Protein chains: 4
Amino acid sequence: MGATLRQYSLHGYHGATMKNIANEVGIKPASIYYFYDNKEELFISAFQQLLDNHQQEMERIFSESQGEEIARIFISMIRGLVNHHKINTGETVAYISLVNSPIPEIKTYLQEHLVNFNNWMYQSFEELLKDNYPSITTTAINAIIQQYVLLANGVFWSINLYEGEAFEQQVKIAEHFIQNLFNELNNTCKVLS
Amino acid sequence: MGATLRQYSLHGYHGATMKNIANEVGIKPASIYYFYDNKEELFISAFQQLLDNHQQEMERIFSESQGEEIARIFISMIRGLVNHHKINTGETVAYISLVNSPIPEIKTYLQEHLVNFNNWMYQSFEELLKDNYPSITTTAINAIIQQYVLLANGVFWSINLYEGEAFEQQVKIAEHFIQNLFNELNNTCKVLS
Amino acid sequence: MGATLRQYSLHGYHGATMKNIANEVGIKPASIYYFYDNKEELFISAFQQLLDNHQQEMERIFSESQGEEIARIFISMIRGLVNHHKINTGETVAYISLVNSPIPEIKTYLQEHLVNFNNWMYQSFEELLKDNYPSITTTAINAIIQQYVLLANGVFWSINLYEGEAFEQQVKIAEHFIQNLFNELNNTCKVLS
Amino acid sequence: MGATLRQYSLHGYHGATMKNIANEVGIKPASIYYFYDNKEELFISAFQQLLDNHQQEMERIFSESQGEEIARIFISMIRGLVNHHKINTGETVAYISLVNSPIPEIKTYLQEHLVNFNNWMYQSFEELLKDNYPSITTTAINAIIQQYVLLANGVFWSINLYEGEAFEQQVKIAEHFIQNLFNELNNTCKVLS
DNA sequence: GATGAATGAGCTTTCATTCAT
DNA sequence: TATGAATGAAAGCTCATTCAT
């Protein structure tokens, strides 16, 4: 539920009241209890949806960029991340706050999600890299993915700190790093072959 | 006040009760009101102290690393950032949450802090770079700083997501990026001279 | 709400607690907030009702005494005032305290009420006097009304100070003054005609 | 203590806080407890002083007006009452509120005061009337005093309701009534002698 | 499905009061 | 005399939740 995430992102778990959430939806607080047993369940449901959305969005971006040149694929992932979070600002804030959620069940669910997301990402990127560079080593694969992750995290956190041109610069720098990464990789491979 | 930040990082603004904060300090809730007019003032005071600490810590790390080789200085800044946040976990969580604080006064104070921090960083780094590379252009200075910022943000956000070896890898990658950055810069300069 | 006025008359605004008011009604304090936003609104509502009751009661007494001899009408007004306040003792005390209410909104509302009440009284009495004494001057009308008001105020304040026979004496004296007033008026008119 | 009465007249007993009273005097709340055991004692003391002041003031006015013509003496009493209450507005409001004081001890003290005041007034006026009209009956004395009391109460309560010219009119009407009273009395006596 | 009415629990805050200094 | 610091008690109020309708 969007209202739940919005209120959560604005005021935190304890500050997001059933009343305000209900108001935003245009119903009365008592009505929420027809759909959810209690506040915690409402939030768990909203958070799961948030994480699922995020996962699906990342997968969509990945599959849509298939066929492009490999460096472009990684860059598209960054761009997709940025666009998704720029459009759904509320969700992004909620996503960030989740890290410090006071609901234990949510914390463990987030951990699971991160593990799953990482697994998917590693597998997808591994396959992709092996297709493009058949003789690539596992060590090199890990190095590339970890570099991508660092840059993606840098961009992600920048969403909260910068706006407009300043933020755009950060994204461009991340893209530049990625491009360099693959240029080097291509050179190395050429030498080897 | 540490208790305030700890409770805030654990439960958010509305979840951090005066009772729990007082308990953690070993006084009664009513006693807090002898020193602070209300909850909001208590938190504003705690947050200001948090941000001031952070600023001072960064300045300390910077000045202590003076004299080292330039690439090492930037790397030391990353290391210092990491160490500071690994030691004061509670403060870090609080720092992250501040971005979405429901108190307007805090939001504006955070904005001011970020502006000041950026100014200080740009000036310090600019001077440093000019000392090391007298013929460096403003464009180059900005590019370097922005790259550093992206990497620092990537490391910072990673604090929340990874632990142990996985996190250590991220830091090493950031250091690697920085080292590369200055290697290139040195090569460019050598060619020019 | 009677309980609100009763508690107010007994303990004043700050001494009338939501708990006691709720107890008197047989509900829990929290329930009051379903109907009123806060304490102040509850009291404003109660006070408005009090003043409206008072106004209506005076109008009722006035219209019921129509048809009597003019002196009797004024005397009936005094009697009606006394009866009303003797029956609703709590309300009377509340009415008196209103003059010094610590709620600014109530003070202004009371001012408005007094102005309205005065207007109604002047118009009603003016019409009445003109009907009975067609050649009466405005000056004379005002003089009569003001004398009535002084006596009514004297009786009203006496409610708080005297009881039983002592109070009854005060009322009789007021009636006597009024009777005298109209005897004189009748004599003056007879001479003129 | 003026501050106590002022705060009481503004906010009532429960609304007059030790803090505000102390602030008005320029000391700290804790310091009040050096002079008074608790809030109730402070107020009892203040109220006693208020009533004593009132009594003394009335006696002073009475003795100062001795020697004047008898009607003038009664009129002076009304004027004195008005002046005293117009000057010490705070005290007047406090005086009115006392009638509904939530402190039982104060209520009984006020009763005593009223009895004493009435006794003094009756004795003084009785003596005065007997001096001026040696053959006056007790019934007549009582009638005159009660009429005076009704008018004085009317004027007193008007203090709270009217201002400026409107109030001045009420006082003049009271004076007029008194003058009439004694004119009649003088005529009756002349006829008898 | 939805809600008006009610409430227990708990929150922030105030207040009278205490006591060592 | 005066007060800084502390606190138990209670105030006004909010909130998640319930339940009959």
Side-chain angles (χ1 to χ4, degrees), chain A residues 4 7 11-23 25-43 103, chain B residues 4 7 11-23 25-43 103, chain C residues 4 7 11-23 25-43 103, chain D residues 4 7 11-23 25-43 103:
Chain A
T4 305
Q7 288 296 319
H11 308 113
Y13 180 72
H14 294 284
T17 66
M18 300 301 267
K19 194 179 171 188
N20 283 345
I21 292 168
N23 276 353
V25 184
I27 56 174
K28 306 293 169 190
S31 305
I32 297 179
Y33 290 84
Y34 184 81
F35 302 99
Y36 301 93
D37 275 0
N38 51 42
K39 188 180 181 181
E40 197 168 323
E41 277 214 359
L42 166 67
F43 274 75
I103 316 177
Chain B
T4 304
Q7 289 295 319
H11 309 112
Y13 181 72
H14 294 285
T17 67
M18 300 302 266
K19 194 180 172 186
N20 283 346
I21 293 169
N23 277 352
V25 184
I27 57 174
K28 307 294 170 191
S31 304
I32 298 178
Y33 291 85
Y34 186 78
F35 302 98
Y36 301 92
D37 275 358
N38 49 44
K39 188 179 179 180
E40 197 169 322
E41 278 215 358
L42 167 66
F43 275 74
I103 317 176
Chain C
T4 305
Q7 288 295 318
H11 310 112
Y13 181 72
H14 294 284
T17 67
M18 300 302 266
K19 194 180 172 186
N20 284 344
I21 293 169
N23 277 352
V25 184
I27 56 174
K28 306 295 168 189
S31 304
I32 298 178
Y33 291 86
Y34 185 77
F35 302 97
Y36 301 93
D37 275 358
N38 50 44
K39 188 180 179 180
E40 197 168 322
E41 279 215 357
L42 167 66
F43 275 75
I103 316 176
Chain D
T4 304
Q7 288 296 318
H11 310 113
Y13 181 72
H14 294 284
T17 66
M18 300 300 267
K19 194 180 172 186
N20 284 344
I21 293 168
N23 276 353
V25 184
I27 57 174
K28 306 292 168 192
S31 305
I32 297 178
Y33 291 84
Y34 184 81
F35 302 100
Y36 303 93
D37 275 359
N38 51 42
K39 189 180 179 181
E40 197 167 324
E41 279 215 356
L42 167 66
F43 274 74
I103 318 176

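Just so it is clear: chains get the letters A, B, ... in the order the sequence lines come, proteins before strands, and each one is counted from 1. All values reported here derive from a predicted model rather than from experimental measurement.
- Extent of DNA chain F lying under 4.0 Å from chain B heavy atoms, first and last nucleotide in 5' to 3' order, is F:dG4 to F:dG8.
- Take B:A30 and apply the side chain to side chain contact (heavy atoms under 4.5 Å, CB included) test, not counting sequence neighbours, and it matches no residue.
- Note that the OH atom of B:Y36 and the CD1 atom of B:I21 stand 10.5 Å from one another [nearest 0.5 Å].
- Taking a pair as Watson-Crick or G-U wobble with both distances under 3.5 Å, DNA chain F forms stems of 3 or more consecutive pairs at E:2-21 with F:2-21.
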Which atom pairs link the protein and nucleotides 12-16 of chain E when you take only N or O atoms and keep those under 3.5 Å?
from, atom 1, to, atom 2, distance (Å)
E:dT12, OP1, B:K39, NZ, 2.9
E:dT12, OP2, B:M18, N, 2.9
E:dT13, OP2, B:Y33, OH, 2.6
E:dT13, OP2, B:K39, N, 2.7
E:dT13, O5', B:Y33, OH, 3.4
E:dA16, OP1, D:K39, NZ, 2.9
E:dA16, OP2, D:M18, N, 2.9

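- Across all strands shown, D:F35 has heavy atoms under 4.0 Å from sugar-phosphate atoms exclusively, and none from any base.
- Atom-to-atom, OH of C:Y34 to P of E:dT3 comes out at 11 Å; the value is rounded to the nearest Å.
- Put simply, CD1 on A:I27 and CE on A:M18 are 9.0 Å apart, with the number rounded to the nearest 0.5 Å.
- Within the model, atoms OG1 of D:T4 and NZ of D:K39 stand 10.0 Å from one another, a figure rounded to the nearest 0.5 Å.
- The stretch residues 11-23 of chain C participates, sequence neighbours left out, in these side chain to side chain donor-acceptor pair (under 3.5 Å) pairs: C:Q7-C:H11, C:T17-C:N20.
- Closest of all the heavy-atom pairs between B:N38 and B:E41 is OD1-N, 3.0 Å.
- Note on A:S31: a side-chain N or O is less than 4.0 Å away from OP1 or OP2 of E:dT3.
- Taking all atoms of both residues into account, the shortest heavy-atom contact from A:A22 to A:P29 is CB-N, 3.5 Å.
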